[in-house]
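Encoded as structure tokens, the structure appears first; notes follow it.
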Amino acid sequence: MTLSPQTAADGFTSRYGRTPDGLWQGSGRVNLIGEHTDYNDGFVLPFAIDRSTVVAVGARDDRTVRISSDFADAAETAALDDLAAEALAPGTLSGWSAYPFGVIWALGRFGADLSAVSGVDAHVASDVPTGAGLSSSAALMCAVATALNDEWQLGFDAPTLARIGQLAENKAVGAPTGIMDESASLLGRRDAAVFLDCRSLDSEIIDLGFEQAGLQLLVINTRVDHEHATGGYAERRASCEKGARELGVSSLRDLDVGDLPRAERELDDVTFRRVRHILTENERVLDTVRTLRTEGPRAIGSLLDASHVSMRDDFEISVPELDLAVATAQRSGALGARMTGGGFGGAAIALVDAARIDAVSDAVTRAFADAGFREPELFTVRAADGAGRVR
Ligand code: ADP
Ligand code: MG
């Protein structure tokens with residue numbers, strides 16, 4: 001973790017005039033490969049990163065929850081009785097606090113007895129950039145979920161907390177996201193990725209071996225803001241559902257690349273290309289896991305490159321800034337590169353020899369300036385341990 005947890009403790013003390021009971025962190029994540037496959041019951045391979053959101057929590061003796069963030073001026077307040085309702089009254093949650101309050105509501109939906117707990121004050125500090133494809137939303141929700149799971153002694157395990165986070169994001173925030181972000185944030189391990197089967201929710205920790213191989217992962221945040229709750233993401237999701245329906249399966253997971261000729265015959269061109277991205281991407285995730293195990297991390301570059309092409313041409317979720325970031329990284333010595341996250345902006349990742357990080361970074365910055373794009377934000381991330389108590 002690069003963020004000092006003390007930042008959250010200090011923020012708590014200055015807002016609430018006392019010291020917190022404890023500090024918990026949720027990690028941001030990078031998806032190494034497997035994009036838009038999660039809500040198609042497919043495979044993903046994300047990892048938790050060394051950028052995180054820390055929440056400081058202190059108990060109250062009433063039924064009120066207050067939460068504040070370094071990102072916002074005022075503390076937001078909710079009543080536990082409102083969050084215990086089976087269905088949230090429309091308009092109960094809005095703005096950024098829909099994430100943490102949504103988590104509390106979702107804890108209740110998973111069986112936590114919210115009538116038996118007392119309120120809390122909480123303060124959030126973070127070094128996960130928002131809207132950059134590094135899942136600041138999951139970092140926030142997983143920090144809060146882990147904190148309250150401990151503070152209220154609820155006893156949920158990490159895979160269940162991931163489902164709680166997803167429910168909160170889907171139903172309280174209204175973003176139709178899959179289970180990947182929360183799983184990575186909660187289950188991640190140092191220098192390893194989380195190989196997740198989004199149908200069975202089985203997960204396996206896969207060693208990345210980046211440290212030993214002298215590789216680093218460069219994140220190129222294009223600063224083109226994406227918007228999950230509306231627009232393209234929901235539209236892609238609908239296309240995948242349409243493709244599955246027309247091919248007579250309940251989800252695209254029931255198909256593999258061997259079904260592509262039939263899909264091409266039976267689907268319209270756009271739906272076919274959406275389906276082709278999902279089926280080939282699932283295959284690339286499996287190939288990446290196999291390659292990491294047999295040949296090591298230097299051999300996965302071409303799979304990252306192929307994933308980008310598929311997202312650009314078949315799924316059509318890239319933007320010129322992401323394409324330029326990827327092409328420039330590839331040209332200036334990255335082993336592989338691709339956009340990561342939901343698309344329409346956000347970040348690209350490049351797998352780069354540590355000695356070439358500066359050269360690749362400079363080339364990307366220059367290319368953006370030449371193209372007249374906004375200056376990108378570049379930094380390296382490590383695969384790190386996921387969410388948990390900090391102190
Ligand atoms: P991403 O998860 O890719 O960063 P999202 O749109 O899913 O982007 O989530 C970003 C939103 O999450 C922000 O607009 C804000 O509402 C909320 N958020 C994330 N981190 C924080 C934080 N530290 N403090 C307050 N709100 C946050
Ligand atoms: Mg998010």
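When a ligand or atom number is given, it counts from 1 through the structure's own listing order. Heavy-atom basis, side chains included; hydrogens, waters and symmetry copies ignored.
Residues R109 and I164 fail the side-chain proximity criterion, which asks for heavy atoms closer than 4.5 Å. Side chains of F368 and E375 form no contact here, defined as non-hydrogen atoms less than 4.5 Å apart.
Ring-plane geometry between F110 and F156 is classed as perpendicular, the angle between the planes exceeding 60 degrees on a 0 to 90 degree scale with a lower cut at 30. Ring geometry, H36 versus Y233: the interplanar angle falls from 30° to 60°, so the pair is classed tilted.
Taking the ring axis of Y39 as reference, the NZ or CZ atom of R236 does not stay both within 45° of it and closer than 6.0 Å to the ring centre.
Between the Mg ion (ligand 2) and S135 there is no N/O/S contact shorter than 2.8 Å.
At a 3.5 angstrom cut-off on N or O pairs, T53 does not count as close to ligand 1. Of the polar atoms of S137, at least one N or O is found under 3.5 Å from an N or O of ligand 1, judged by distance alone. Between T130 and ligand 1, no pair of N/O atoms sits closer than 3.5 Å.
Near S69, meaning under 4.0 Å from any of its heavy atoms, are these atoms of ligand 1: 22 (C), 23 (N), 24 (N), 25 (C). Short contacts between ligand 1 and V124, defined as distances under 4.0 Å to a heavy atom of the residue, involve ligand atoms 23 (N). Using a 4.0 Å cut-off to heavy atoms of S126, the atoms of ligand 1 that qualify are 23 (N). Close approach of ligand 1 to W96 is summarised as follows: ligand atoms under 4.0 Å from at least one heavy atom of the residue are 15 (C), 16 (O), 25 (C), 26 (N). Within the listing of ligand 1, atoms 18 (N), 21 (C), 26 (N), 27 (C) sit less than 4.0 angstrom from a heavy atom of L140.
Contact annotation for F71 and ligand 1: only side-chain heavy atoms (C-beta onward) come within less than 4.0 Å of the ligand.
Counted by atom type alone, T77 and R66 present zero donor-acceptor pairs between their side chains at under 3.5 Å. A donor and an acceptor atom, one from each side chain of H123 and D10, are nowhere located under 3.5 Å apart.
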